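Atoms considered below: every heavy atom in the structure, side chains included; atoms not considered: hydrogens, waters and symmetry mates. Treat the numbers as computed from the prediction; the structure is a model and nothing was measured.
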Amino acid sequence: MKLQSYQSANGPRTAVQLGDQLLDLHDANPDIPCDICEIFQRDRWLDLLRETVKQGGTTFPIDSVTLLPPIPTPQKIVCIGLNYADHAAETGDSIPDKPVVFNKFPTALAQNGDTISLPRVSQQVDYEAELVVVIGKKGKDISRENAWEHVAGYCCGNDVSARDWQFLPPARQWFIGKTFDGFAPIGPCLTTVDEIPQPVTLDVSLRLNGQTMQHSNTRQFIFDIPTLLAWVSQVCTLVPGDLIFTGTPPGVGIGRKPPVFLHSGDVCEVEIEGLGVLKNTFR
């Protein structure tokens, strides 16, 4: 099931995408909350959505509304660095024995199709294709064995990074280099967990102006998704709507010779098997 959030006159709403049409879930069934994160908190929420779609209702064209990020207001955006062995090698870092974790502010969020502003204060903005995990069930100290039951679904993400800020002397500043406004586009929709129960062998790629720059597969993860959820939830409680960026494969701009950074007019497309294509232009 493909879920979208869109802007209505009364605030964000949640819809199921049916081809080029949307079915507003609350309009079809008033028992379903308008907010997608509240939907995840309902018992057997996937069954409820399936039954609602089966019953049907009035649909409308997807291009007749303003789409929002699939999760419009995540409480947390948690990111994992160096989670592909070959990416760690191209950056000159050793393979970590524990997950490398940083975060982005929610103001970094952007939607599929958004034009992302290149900061005036950075000349080294880079791309990073990533699988994004969407949390659907609250959890603290989640075990690896129970991790999958905390996942609502997945989407494509781009961990946009200002490398000159990320590696600002005298110490690395991963957080500040990665949380400029618009530096966390996600989309093109949220694909629910029933379509991809365990995304352990998904192809991940990024195209820059049509040229493939990154291509790998999630089987190359150093730390799998259950390990990441268990590790992060030792520190903070994960809640419905939290986003986990799971790391990027090799081929990032800073690792190339010469380096490749984003310029005005560049178009990035992140494509992940079964999840669609996230497309953004940079200005």
Side-chain angles (χ1 to χ4, degrees), residues 1-3 40 45-46 50 70-71 74 76-91 93-102 112 127-139 141-159 184-207 212-234 238 240-252 269-278:
M1 188 178 301
K2 308 293 187 183
L3 300 181
F40 296 153
W45 62 270
L46 260 176
R50 289 193 197 98
I71 305 295
K76 293 186 285 296
I77 303 176
V78 180
C79 305
I80 308 301
L82 305 175
N83 200 27
Y84 288 73
D86 38 9
H87 173 55
E90 75 174 346
T91 64
D93 288 293
S94 58
I95 294 176
D97 59 359
K98 298 179 180 62
V100 176
V101 183
F102 59 96
N112 178 51
Y127 53 82
E128 291 191 10
E130 306 210 5
L131 171 69
V132 178
V133 176
V134 180
I135 299 299
K137 179 182 176 182
K138 183 177 180 179
D141 295 321
I142 298 169
S143 68
R144 290 191 76 263
E145 294 72 23
N146 296 330
W148 292 114
E149 68 186 50
H150 292 267
V151 176
Y154 312 94
C155 53
C156 302
N158 190 344
D159 174 17
I186 61 171
C189 59
L190 184 150
T191 299
T192 53
V193 69
D194 56 319
E195 289 198 15
I196 306 177
Q198 296 187 11
V200 293
T201 58
L202 300 184
D203 283 338
V204 179
S205 62
L206 181 141
R207 294 182 293 275
T212 298
M213 307 295 279
Q214 294 181 279
H215 182 74
S216 190
N217 190 285
T218 56
R219 70 169 64 92
Q220 301 298 327
F221 277 171
I222 298 170
F223 304 104
D224 61 14
I225 289 171
T227 298
L228 296 178
L229 266 58
W231 180 257
V232 173
S233 67
Q234 295 176 105
L238 295 176
D242 283 350
L243 305 176
I244 312 292
F245 279 65
T246 57
T248 197
V252 296
E269 297 174 285
V270 177
E271 183 169 7
I272 300 180
E273 183 180 354
L275 304 184
V277 178
L278 167 67

Measuring from [X]:[atom1] to [Y]:[atom2], what's the distance to the nearest 0.5 Å?
| X | Y | atom1 | atom2 | result |
| --- | --- | --- | --- | --- |
| Asp242 | Phe40 | CG | CZ | 11.0 Å |
| Arg219 | Asp203 | CZ | CG | 7.0 Å |
| Glu130 | Asn83 | CD | CG | 9.0 Å |
| Glu271 | Arg207 | CD | CZ | 4.5 Å |
| Leu202 | Tyr154 | CG | OH | 8.5 Å |
| Lys137 | Ile142 | NZ | CD1 | 9.0 Å |

Show the nearest heavy-atom pair for residues [X] and [Y], with the distance to one decimal.
| X | Y | answer |
| --- | --- | --- |
| Ala184 | Ile77 | CB-CD1, 4.5 Å |
| Cys189 | Cys155 | O-CB, 3.2 Å |
| Pro240 | Gly136 | CG-O, 3.7 Å |
| Ser143 | Ala230 | C-CB, 4.5 Å |
| Leu82 | Pro96 | O-CG, 3.6 Å |
| Ala147 | Leu229 | O-CD2, 3.7 Å |

Could you check whether any side-chain heavy atom of [X] comes within less than 4.5 Å of a side-chain heavy atom of [Y], counting everything from C-beta outward?
| X | Y | result |
| --- | --- | --- |
| Val134 | Leu243 | yes |
| Val270 | Tyr127 | no |
| Phe221 | Val200 | no |

Worksheet entry | Verdict with supporting geometry, Leu206 and Thr212, side-chain contact (heavy atoms from CB on, under 4.5 Å) | CA-CA 6 Å; Leu206 181 141; Thr212 298; over 6 Å; no

Would you check if the side chain of [X] reaches a backbone N or O of [Y] as a donor-acceptor pair within less than 3.5 Å?
| X | Y | result |
| --- | --- | --- |
| Gln234 | Trp231 | yes |
| Thr246 | Leu131 | yes |
| Ser216 | Pro249 | no |
| Ser233 | Leu238 | no |
| Glu128 | Thr248 | no |

Item to complete: Just do the side-chain contact (heavy atoms from CB on, under 4.5 Å) check on Val204 and Asn217 with the steps written out, would you?
Response: CA-CA 5 Å; Val204 179; Asn217 190 285; over 6 Å; no

Practice prompt. Verify side-chain contact (heavy atoms from CB on, under 4.5 Å) between Leu228 and Val133, making sure each step is shown before the conclusion.
Written response: CA-CA 10 Å; Leu228 296 178; Val133 176; over 6 Å; no

Worksheet entry | Intermediate values then yes/no, side-chain contact (heavy atoms from CB on, under 4.5 Å), Trp148 and Ile225 | CA-CA 8 Å; Trp148 292 114; Ile225 289 171; 3.9 Å; yes

Worksheet entry | Lys76 atom NZ, neighbour heavy-atom count above 12 within 6.0 Å | yes

